[in-house]
Undergrad: 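Sending over a structure as structure tokens; questions will come in a sec.
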Amino acid sequence: MAGRKQSKSTPKAYRGSYYTYGNVAYDMQPEFQPYYEKEQRQQEQKEAARQAAAERRENRIHAFWVVLVMLVMFLGCIAFMGAHVIVANQEVQIRQQKSDLAALKSQNAILEAELAEQIDLEYIKQEAMGRLGMTEPQPYQIVYIDVPKQSYTIQYAADEITEEDTSFIASIWNFFCKGLM
């Protein structure tokens, strides 16, 4: 370097001028970086990292909601299919019971016809009088009773079935409980 020598106690910014030999001039402005630029760069990096973390967090939350919606839809489809299976099974059972009922009714009709053919009232009368020693009632032994149309006798049908009013969810619950047992 050319020029006069500066004392070490003089700050760099206030040192004297330089004399340049040749056609190349030295840079008069030193490369000056403020002290806060490094801190500012670090803060920018921290902010970028914070924004990236917030973005990842938002993406995770979004993914969670997408998975949750898909899970709810999947469970809804499973519940719908389960309800469909329950209804189909009940229809099959109803058809089977109706066919069983029709078979039983036809069998009862056949048995009633056979019974009516086999009953001979004259034979019964002869057996009752001859073998058992029974006699016909005398006219004074016959008593006629008038029964009013409304009677105090109440008859309940033996085949009366009480249906429970079950909801859709209760029937699904019963279906899964039966499957576990």
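Index from 1, following the sequence.
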Undergrad: For atom CE of M134, decide whether the heavy atoms of other residues, nucleotides or ligands shown that lie under 6.0 angstrom number more than 12.
TA: no
Undergrad: With clusters defined by side-chain heavy atoms of hydrophobic residues (ILVMFWY) lying less than 4.5 Å apart, directly or transitively, does V85 cluster with I172?
TA: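 Same cluster.
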Undergrad: Suppose we screen for side chain to side chain contact (heavy atoms under 4.5 Å, CB included). Which residues come up paired with Q40, at least two apart in sequence or across chains?
TA: Y36, E44
Undergrad: Taking side chain to side chain contact (heavy atoms under 4.5 Å, CB included) as the test, write out the residues that go with I142, two or more places apart.
TA: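 With sequence neighbours excluded, I142 shows a side chain to side chain contact (heavy atoms under 4.5 Å, CB included) to P137, Y144, given in chain and number order.
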Undergrad: Test of understanding: with salt bridge (charged side-chain N to carboxylate O under 4.0 Å, His left out), list the residues that count as partners of R131, not counting sequence neighbours.
TA: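 For R131 the salt bridge (charged side-chain N to carboxylate O under 4.0 Å, His left out) partners, ignoring immediate neighbours, are E127.
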Undergrad: Looking at CG of L71 and CH2 of W65, how far apart are the two atoms once the value is rounded to the nearest 0.5 Å?
TA: 12.0 Å
Undergrad: May I ask you to list the residues sharing a hydrophobic cluster with V87, side-chain cutoff 4.5 Å, ordered by chain and number?
TA: none
Undergrad: What residues form a side-chain hydrogen bond (donor to acceptor under 3.5 Å, both in side chains) with E136, not counting sequence neighbours?
TA: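 With sequence neighbours excluded, E136 shows a side-chain hydrogen bond (donor to acceptor under 3.5 Å, both in side chains) to K125, given in chain and number order.
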Undergrad: List the residues meeting side chain to side chain contact (heavy atoms under 4.5 Å, CB included) with Q43, not counting sequence neighbours, and say none if there are none.
TA: none
Undergrad: Pairs under 3.5 angstrom only: tabulate donor-acceptor contacts from the side chains of residues 45-60 to other protein residues two or more places apart or in another chain.
TA:
{"from": "E47", "atom 1": "OE1", "to": "R50", "atom 2": "NH1", "distance (Å)": "2.6"}
{"from": "N59", "atom 1": "ND2", "to": "E55", "atom 2": "O", "distance (Å)": "3.4"}

Undergrad: Under the side chain to side chain contact (heavy atoms under 4.5 Å, CB included) rule, collect the residues that match up with L104, sequence neighbours excluded.
TA: Q107
Undergrad: If a pair satisfies side chain to side chain donor-acceptor pair (under 3.5 Å) and one of its residues is in residues 90-102, list it, with sequence neighbours excluded.
TA: Q96-D100
Undergrad: Other than I119, what residues sit in its cluster of Ile, Leu, Val, Met, Phe, Trp and Tyr side chains whose heavy atoms are under 4.5 Å apart, directly or through others?
TA: L115, L121, I124
Undergrad: Tracing side-chain links under 4.5 Å among I, L, V, M, F, W and Y, which residues wind up in one group with M73?
TA: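 Direct or chained contacts put M73 with V69.
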Undergrad: When clusters are formed from ILVMFWY side-chain contacts under 4.5 Å, directly or step by step, what else is grouped with I110?
TA: none
